[in-house]
Amino acid sequence: MTEANAYQLAQVNIGRLKAPLDSPQLKAFVDNLDPVNADADNADGFVWRLEDESGDATDIAVFGDEWLIINMSVWRDTDALTAYMYQGRHREMLARRREFFERVQEAMVVLWWVPAGHRPTVAEAESRLLHLRANGPTPYAFTLRTPYPPQGAEPATALEIPDDLGCPV
């Protein structure tokens, strides 16, 4: 196994709901969960995503807050994640996120490298996100705007992310 594929990219994004999942306000979001997840499952470079018995992660607790929902997945690399995020149904739903989620000041998205085959836990994701909030982007916890290579100390080339779609950190 080469160093390039010895690691995979873990990502987590957390959202604070504006209303209960069964509310009319979140109907479009909930109706698109299965199709968006299916698109991810079939995307080039997709490895794994966190899910419960229902096939999504909406019932998985994060930071002990029932209004927060988590999306966590593992990808081959930042290129694969970016290609999926900014096209098709996912891009459409990302553009509508303010309809469904509160605007939050602190970082709610973090990336980190994991050994190939590792499946991150919610506790691991919480720790990485708290590290990003406290320290800014580092090789331990970073963003698409300030990526790091696997096990590297130098930032990789920053990706161009449309201002209306990316994480503000």
Side-chain angles (χ1 to χ4, degrees), residues 1-17 36-37 39-41 43-52 56-87 90-91 93-94 97-98 100-169:
M1 182 176 289
T2 68
E3 178 156 341
N5 61 12
Y7 295 92
Q8 296 170 325
L9 184 73
Q11 76 79 32
V12 68
N13 63 78
I14 297 170
R16 179 176 296 286
L17 297 170
V36 168
N37 284 337
D39 291 348
D41 293 348
D44 180 47
F46 172 82
V47 176
W48 170 86
R49 71 181 163 85
L50 179 67
E51 57 186 301
D52 59 22
D56 61 43
T58 57
D59 288 333
I60 296 175
V62 59
F63 288 118
D65 185 335
E66 65 185 34
W67 287 95
L68 294 177
I69 62 170
I70 186 171
N71 172 287
M72 183 164 54
S73 56
V74 175
W75 295 80
R76 179 183 58 231
D77 53 31
T78 55
D79 291 341
L81 175 60
T82 303
Y84 164 73
M85 284 178 59
Y86 298 115
Q87 69 177 342
H90 187 271
R91 181 186 175 102
M93 295 310 294
L94 189 59
R97 71 189 178 283
R98 298 289 176 240
F100 315 121
F101 299 99
E102 298 288 341
R103 184 179 293 268
V104 179
Q105 295 293 61
E106 64 263 12
M108 299 292 270
V109 176
V110 67
L111 309 174
W112 69 101
W113 294 103
V114 296
H118 175 72
R119 300 299 172 251
T121 65
V122 172
E124 185 179 342
E126 291 171 337
S127 172
R128 300 286 178 147
L129 189 55
L130 291 173
H131 181 86
L132 176 67
R133 289 176 182 175
N135 302 290
T138 68
Y140 183 80
F142 53 91
T143 68
L144 280 176
R145 289 190 189 276
T146 311
Y148 284 82
Q151 299 303 311
E154 297 300 318
T157 304
L159 300 172
E160 289 299 318
I161 299 170
D163 288 336
D164 63 331
L165 294 178
C167 173
V169 173

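Note that this is a predicted model, so its numbers are computed, not measured. Position 1 is the first residue of the sequence, and the numbers go up from there.
Aromatic rings from Trp112 and Phe142 are positioned such that their centres are separated by 6.0 Å or more.
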task: Under the side chain to side chain contact (heavy atoms under 4.5 Å, CB included) rule, what do Gln8 and Arg119 come out as? Steps first, then yes or no, please.
output: CA-CA 10 Å; Gln8 296 170 325; Arg119 300 299 172 251; 3.9 Å; yes

query: Going through the checks in order, is the side chain to side chain contact (heavy atoms under 4.5 Å, CB included) test met by Leu144 and Met85?
result: CA-CA 11 Å; Leu144 280 176; Met85 284 178 59; 3.8 Å; yes

task: Evaluate the side chain to side chain contact (heavy atoms under 4.5 Å, CB included) criterion for residues Glu51 and Asn37: first the C-alpha distance (whole Å), next the side-chain angles of each, then the deciding distance (0.1 Å), finally the verdict.
output: CA-CA 10 Å; Glu51 57 186 301; Asn37 284 337; over 6 Å; no

- request: Report the C-alpha separation of Leu111 and Trp75 in whole Å, then their side-chain angles, then the decisive distance to 0.1 Å, and conclude whether the side chain to side chain contact (heavy atoms under 4.5 Å, CB included) test is met.
  value: CA-CA 10 Å; Leu111 309 174; Trp75 295 80; over 6 Å; no

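Of all non-hydrogen atoms in Ser73 and Phe46, the two that sit nearest each other are CB-CE1, 4.4 Å. When all heavy atoms of Val110 and Ala141 are compared, the pair lying nearest together is CG2-CB, 3.6 Å. Between Ala10 and Pro120 the shortest heavy-atom distance is CB-CG, 4.0 Å. The two residues Leu132 and Ala107 make their nearest non-hydrogen contact at CD2-CB, 3.8 Å. Summarising the geometry of Trp113 relative to Tyr7, their closest heavy-atom pair is CE3-CB, 4.1 Å, with the distance given to 0.1 Å.
Atom CG in Asp52 sits 5.0 Å away from atom CD1 in Ile60 (nearest 0.5 Å). Rounded to the nearest 0.5 angstrom, Thr58 OG1 and Leu68 CG are separated by 13.0 Å. Separation of atoms CG (Leu50) and CD (Gln11) is listed at 10.0 Å; rounding is to 0.5 Å.
Judged as a side-chain hydrogen bond (donor to acceptor under 3.5 Å, both in side chains), and not counting sequence neighbours, the contacts of Arg49 are Asp41. In this structure Ile69 satisfies the side-chain contact (heavy atoms from CB on, under 4.5 Å) test together with Leu17, Phe29, Phe101, sequence neighbours excluded.
Of the possible polar contacts, none joining the Arg128 side chain to the Ala125 backbone as a donor-acceptor pair under 3.5 Å is found.
Taking the side chain as every heavy atom from C-beta outward, Arg133 and Met108 approach each other to under 4.5 Å. Ile70 is not listed as a side-chain neighbour of Phe63, based on a closest heavy-atom distance of 4.5 Å or more. Here the side chains of Met72 and Glu124 are not in contact, with every heavy-atom distance at 4.5 Å or above.
Among residue pairs with one or both ends in residues 58-73, those qualifying as salt bridge (Lys or Arg N to Asp or Glu O under 4.0 Å) are Arg16-Asp65; sequence neighbours excluded.
Relative orientation of the Tyr84 and His90 rings is tilted, given thresholds of 30° and 60° on the angle between their planes.
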